[in-house]
Amino acid sequence: MKKLTPLSCWLRIPPTHTIAVTLGETIAAQALKKNVEDWMRVIHSKSGARWAVFHHDSYEFLSILLALWQLQRIACVPGDNRPGTVKRLTSHVDGFIGEFPIQSVLTANACLPASESQQLPLQQLPLQQLAQPWQPLDPDAIALEIYTSGSTGEPTPISKTLAQLEREIAILESLWPTRLSHPSDNQSPVQNSSEQNSLLQNSAVKKCSVVLGTVSHQHLYGMTFRLLWPFCSGRVFETTICEYTEDILYQAHHYSTFELISSPSHLGRINTSIDWEPLKQRCIGIVSSAAPLSREDSTNVRALLDTSVREIYGSSETGAVAWRIQTPDQKESLWQSLPQINLSSTDEGTLRVTSPYLGDVNQLTLADKVEFIQPGKFRLIGRIDRIVKVEGKRVSLAAIEQQLLKNNEVRGARALTLTRTRIETAVVIQLTESAWLQLQQYGRKPLITRLKNHLSADFETVVLPRRWRFVQQLPYNLQGKIPLQTLQSMFDKEPVKWPEISAECVTDNQATLHCYIPVTLLYFDGHFAENPILPGIVQVHWAEAYGRRLLSVTGCFLSLEVIKFKSIIPPGQQITLTLIYDQETKKLSFSYTSDKGEHSSGRLCFE
Amino acid sequence: MSNLHLELKKMIIESLDLEDIEASEIIDDAPLFVDGLGLDSIDALEIGLALQKRYGIKLKADAEETRQHFSSINALVALVESHGSK
């Protein structure tokens, strides 16, 4: 067993010790120190204590953190680097380091804004100017601020000292000690060649047990489990994230054994047709967090990799607090607290955490509802606030609503989550009068595109609404509330976009469709509230669509030659759509008729 | 638009449970992710699974290559066709 190196004493790690690998290439502690020094040069002449950090590469990310800490600065870590995130962070931080879509970001090459380029290039500043740059770090100073979605949508920083991180790591290590030998523990070449895999060239790498991850280190879970805990316990982390489950296979092939730090988003979508067999022997641990893993997915992964999935429950505020392993023989696997963590239920049924790594307080209440079955053992029931996890990403529904309300087409908005083939957000939007007219004239798509674009600067694509409903009035009940059930029911079915066809007759160039106009047709929404009628644009769209389907109309739509709307088509109307296509002229004539006579007719020209 | 183009578009709409988009509206050479159809990383995982299920395609474990294959409908068609001809 290796002794844990406290994060604040990371300089004690022996220089030749491998700390990370990138696809088979090893990175030793001395290279890390050199890289940290480079980042320190970039940072140290800059004033300001608090720096936003984003980098896709875990090694660079760690280097930036350590550089900031050596310089007694605070690393402010957002979950992503989107323009909206940058904007919101600007008032919280003194500058940006790593990969941010802005000019003034500090990068490894110290790209400076033009105004500062006359100054001495930062790389040349001697680090000796610093008083004792390689001091052990102060464990009690604030080192980290994690930015997550607060309930208001404003970023809420969660501060951590190194001591907090160290205590959490120590508790994790006490429960799951690191047992592995390490390449730098064994300087002599590997003796037993029969155990070697011929694919592996580098004997040092081959002996490695490596921590692979599908989750980002920009969130606390990934940072602790993929990066800091392995780093402090002498394990080796892979610097590149596994985007696809296939990447796990590819990366794992480089190493003798591996642990996988993942989440339900990936573990629930593992490609079972790949031959995972060769990895069975090598997989020595799977961790899942960010959201509860379904029993089915847990069992499935266990079968594929012959390793049980250890789930971690926690939050950015508390770090890890509980864990469970779902075993096939148990119907329900309860969560149980980590050592030294005391868990109980508040009067509201939410989870109260008493822990040695909460910082200034020793107790904190989370917004998760829980039910205790035995002391220290509980099941999760759901959240009480409007912060939700969408595919493991934390998002505030209130923040989505507030952002939508900033759009001048939106009068009211309600966001909710739906569980369909995935967990997703959806919104019901009350539009302004003019937006209604736009909707009627141009349809849903341009409106949805505008609103999505409006949100995309601030929210990651994964949490953007995938389903949209537009109403003239949000469905308030008599108590003046909008029942969640009513909102949910608006998404129960796919929106009805087509007539119900009772009979269809197609000859050479003519098609006749007898159909019923459903009362629930999407296009009646707000067109118009008192007197719903089938919009003309929809009639034209249907004519074109059925023409393409039934009469082999091909070319692009060119123009609408004649169009007559004689009488309205109300919901529930039985109607006959007649289509005639002239191959020569590429013109499609249509008419909608009923026992009331002709409702409309027109001619579409195609290329 | 070939049958395969249409088939893949339908597969995407179905497997990703997309709303407000018809197969005919997906442009063959437009990007599927970010700017074009606006798909995300979870969608990418789902497309990978759907390709496997329907065509028996196993993605090579190379993120860059996968990104190329998933760049547009045309790229997916090329992937499926090259798989079929093997």
Side-chain angles (χ1 to χ4, degrees), chain A residues 23 214 216 240-253 263-266 268-275 390-393 418 420-424 426 443-445 447-449 452-453 456 460-469 491 494-495 497 522 541 544-545 548-549 554, chain B residues 1-3 5-6 9-28 30-71 76 79 83:
Chain A
L23 298 183
T214 69
S216 164
T240 314
I241 193 168
C242 298
E243 277 181 67
Y244 297 92
T245 50
E246 287 83 351
D247 297 337
I248 301 168
L249 193 78
Y250 178 54
Q251 292 195 358
H253 265 128
S263 74
S265 290
H266 277 83
R269 293 182 175 87
I270 282 206
N271 191 343
T272 50
S273 69
I274 299 182
D275 185 10
V390 176
E391 289 295 337
K393 304 240 189 240
L418 300 173
R420 297 172 58 97
T421 54
R422 65 192 255 180
I423 297 167
E424 59 187 28
R444 290 162 55 84
K445 192 157 301 161
L447 178 63
I448 292 173
T449 305
K452 259 194 179 171
N453 287 343
S456 63
E460 291 183 68
T461 320
V462 171
V463 304
L464 288 182
R466 283 166 81 87
R467 254 154 261 276
W468 303 72
R469 296 292 178 265
F491 296 90
E494 289 296 304
K497 294 184 195 168
L522 172 75
H541 174 62
E544 182 190 348
R548 288 187 188 278
R549 189 187 300 174
T554 46
Chain B
M1 187 163 69
S2 76
N3 281 340
H5 281 83
L6 183 63
K9 290 174 188 179
K10 285 185 173 161
M11 179 196 84
I12 286 175
I13 291 172
E14 208 176 290
S15 60
L16 305 186
D17 191 24
L18 297 182
E19 186 175 283
D20 289 302
I21 183 107
E22 310 269 337
S24 60
E25 292 167 323
I26 303 178
I27 302 160
D28 290 348
L32 293 175
F33 294 86
V34 198
D35 293 336
L37 204 50
L39 303 183
D40 59 38
S41 57
I42 306 292
D43 293 323
L45 294 173
E46 294 284 1
I47 291 176
L49 286 180
L51 284 172
Q52 202 291 309
K53 225 183 272 176
R54 188 163 313 192
Y55 303 102
I57 291 175
K58 287 175 196 162
L59 296 175
K60 290 225 186 82
D62 177 342
E64 192 47 47
E65 203 182 310
T66 306
R67 209 167 293 134
Q68 293 289 330
H69 289 320
F70 286 10
S71 61
L76 278 176
L79 171 69
H83 179 77

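Residue numbers begin at 1 in each chain, while the letters A, B, ... track the order of the sequences. Please read these numbers as outputs of a predicted model, since none were measured by experiment.
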Chain A heavy atoms under 4.5 Å from B/Leu16: which part of the residue, side chain, backbone, both or neither?
both
Of the backbone (N, CA, C, O) and the side chain (C-beta and beyond), which part of B/Ile42 lies under 4.5 Å from a heavy atom of chain A, both, or neither?
both
Which region of A/Leu464, side chain (C-beta onward) or backbone (N, CA, C, O), has a non-hydrogen atom less than 4.5 Å from a non-hydrogen atom of chain B, or is it both or neither?
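Contact with chain B is absent: no heavy atom of A/Leu464 under 4.5 Å.
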With salt bridge (Lys or Arg N to Asp or Glu O under 4.0 Å) as the rule and sequence neighbours excluded, what pairs involving residues 41-56 of chain B come up?
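Non-adjacent pairs meeting salt bridge (Lys or Arg N to Asp or Glu O under 4.0 Å): A/Arg269-B/Glu46, A/Arg422-B/Asp43, A/Arg466-B/Asp43.
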Are the side chain of B/His5 and the backbone N or O of B/Asp28 linked by a donor-acceptor pair below 3.5 Å?
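No: the side chain of B/His5 does not pair with the backbone of B/Asp28.
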Heavy-atom closest pair, residues B/Ala44 and B/Phe70:
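Nearest heavy atoms, B/Ala44 then B/Phe70: O-CE2, 3.4 Å.
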Taking side chain to side chain contact (heavy atoms under 4.5 Å, CB included) as the test, write out the residues that go with A/Glu544, two or more places apart.
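Testing A/Glu544 for side chain to side chain contact (heavy atoms under 4.5 Å, CB included), a comparison that skips the adjacent residues, returns A/Arg548, A/Phe557, A/Leu604, A/Phe606.
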